[in-house]
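Presented below is the structure to which this report refers.
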Amino acid sequence: MALSILAIVAMVIDARFEVLTPVRNKIGIVTSQLYAVTNIPNKIWGTIQEQFSSHSELLAENERLKAQSLLLEQKLQKLASLTEQNVRLRELLNSTSLVDEKAVVSELIGIDPNPSTFRYLIDKGSSDGVFIGQAILDAKGIMGQVVDVMPHSAWVLLITDNNHSIPIMVNRNGLRAIATGTGEDLLEIRYVPNNEDIQVNDLLVSSGLGGNFPAGYPVAIVSKIEHDNGTPFATVYAKPTAALNRSRYVLLIFTSRQILDNNHDTDTSESQQTPVQEEITP
Amino acid sequence: MTAHHLRGGWVIWTSVLVALLLSITPLPQALNAFRPLWVALVFIYWSLFLPHRVSMVAAFIFGVLLDVMVNSLLGQNSLVLVLTVYFSLLFQHKIRPQPILRQTIMISVILILGQLIQLWINVLTGIYPSNFSIFDYIFPIITSAIIWPWLAAALRALRIRMGIN
């Protein structure tokens, strides 16, 4: 009976205040080890696949990757000159230059078993400089942001989670909006007026408003638009470009500004709790 | 006396630990909603058949671990597990001699109570998603009921083989 009361008291405190967060993090160090254990079958399967993939398969893969890297390098050459040009034009316009971002590779080690939330555990934590609110990418686009940091691991909330929103803009014309997770592999674009210029197959990129996500990374591609004359806003759905369910390696993005911000105020975590706040924060 | 009597304790806690691991093993998204309530089932088994070896304090501690693992409120799974163990201990003499089918039904009732508490807490604190479905709470009970006879048989074999009393 006393234990039940203790449990209820703990719940009330946990729901209303943040006193128990350090306790949770301490226990999290232990439980993230359990997640690592459940990941072992996955890893073994990976090594088995590596061992048994044939020589010719590896050669073919090598060939393909070389070709791909050549293509990417060619694109990169162009990008260098474009970046240079962009910086010069921005100087002409007297606006601040875009900050350069640093990326760190991390591996996915666990998935939240709760069917109604999309959270991943990654193998980098506060000892690697990971902070709450940090953006996570894969090769194709933005995946989510860090919501919980432990010394050697961190929880990532995916952009498709119900409680997640990300400020975006349409790449074609710069129309700004907010993309909210739906709990499926789909994003809903909120507050797009019926007469706005948005089309199926438009690329949506992060707008950088809100300060959590770096600007200009692809987020999703518009997949369906429904116009209903009875409501002021159109219903727009978009499919994330990142392979949310398949990516095994993810990139943690460090921008110099965010690291500074993080040192000065620690309540960046607030902004990811409520979707609306992201829109207001400068 | 105690040292002799209380052997094999590590088997019990290992089984609970395995249950914890099973409750976070990655599954395809479609199967996630059907995950049985492993920890509750294992605790029910031990509190029915070795009631003097299971304490509500242990249920509380493992509940807190589970809370951190699945990111529920601290105390949520503790409360559910403590009550589950409490009712299993209370009705052990009624449940134990029953044939397996009736045993399963009685255990399902305890599990339904636990899931109801989970549902209440989630609704009270507003931590439930917009695509909320009641089936997320019902399916685990069904799969748990299906798995119970096999789990009970396996743990029974383990208990007899290891000579835990």
Side-chain angles (χ1 to χ4, degrees), chain A residues 1-16 19-21 23-42 108-121 147-148 150 155 157 161-163 180-185 188 244-245, chain B residues 17-18 20-35 38 55-83 85-86 117-118 120-122 124-133 135-137 139-140:
Chain A
M1 213 23 69
L3 284 171
S4 304
I5 294 165
L6 184 63
I8 292 169
V9 169
M11 268 190 285
V12 172
I13 294 173
D14 198 29
R16 291 275 165 262
V19 188
L20 288 178
T21 314
V23 180
R24 190 183 270 276
N25 282 349
K26 284 271 152 44
I27 303 171
I29 299 169
V30 181
T31 53
S32 62
Q33 297 304 315
L34 293 181
Y35 270 98
V37 172
T38 58
N39 197 35
I40 288 174
N42 246 336
L108 204 138
I109 52 172
I111 300 167
D112 194 326
N114 188 344
S116 56
T117 58
F118 292 153
R119 297 196 324 153
Y120 285 168
L121 192 67
V147 289
D148 218 340
M150 287 157 284
W155 281 105
L157 190 70
D161 188 278
N162 268 300
N163 292 321
T180 308
T182 56
E184 290 157 48
D185 194 22
E188 190 188 345
L244 295 177
N245 295 328
Chain B
L17 199 67
V18 170
L20 273 180
L21 289 178
L22 280 173
S23 56
I24 56 164
T25 321
L27 284 181
Q29 197 69 30
L31 293 179
N32 233 341
F34 294 93
R35 193 189 291 272
W38 291 107
S55 68
M56 291 205 266
V57 178
F60 183 84
I61 292 168
F62 278 99
V64 171
L65 276 182
L66 199 58
D67 280 328
V68 174
M69 276 172 10
V70 303
N71 197 40
S72 48
L73 286 177
L74 273 188
Q76 181 168 349
N77 279 300
S78 315
L79 178 67
V80 172
L81 271 186
V82 165
L83 289 180
V85 170
Y86 175 75
I117 296 169
Q118 298 266 21
W120 282 336
I121 294 170
N122 286 348
L124 269 177
T125 49
I127 307 177
Y128 62 101
S130 53
N131 63 345
F132 163 82
S133 119
F135 293 110
D136 287 350
Y137 294 85
F139 286 143

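Quick note on labels: first sequence line is chain A, next is B, and so on, each numbered from 1. This one's a predicted model, so the numbers in the text were calculated from it and none came from an experiment.
- Under the side-chain contact (heavy atoms from CB on, under 4.5 Å) rule, A:Thr31 has a single partner from B:Leu20, B:Val64, B:Val68, which is B:Val68.
- Looking at B:Ile24, both its backbone and its side chain come within 4.5 Å of chain A, counting heavy atoms on both sides.
- The distance from the CD1 atom of A:Ile5 to the CG atom of B:Leu79 is 10.5 Å, given to the nearest 0.5 Å.
- In this structure, A:Ile27 CD1 and B:Met69 CE are separated by 11.5 Å, a value rounded to the nearest 0.5 Å.
- Neither the backbone nor the side chain of B:Asn77 comes within less than 4.5 Å of any heavy atom of chain A.
- At a 4.5 Å heavy-atom cutoff, B:Val80 makes no contact with chain A through either its backbone or its side chain.
- Distance check: A:Ile8 CD1 to B:Ser78 OG gives 11.0 Å after rounding to the nearest 0.5 Å.
- Between A:Arg24 and B:Ser72 the shortest heavy-atom distance is NH2-O, 2.7 Å.
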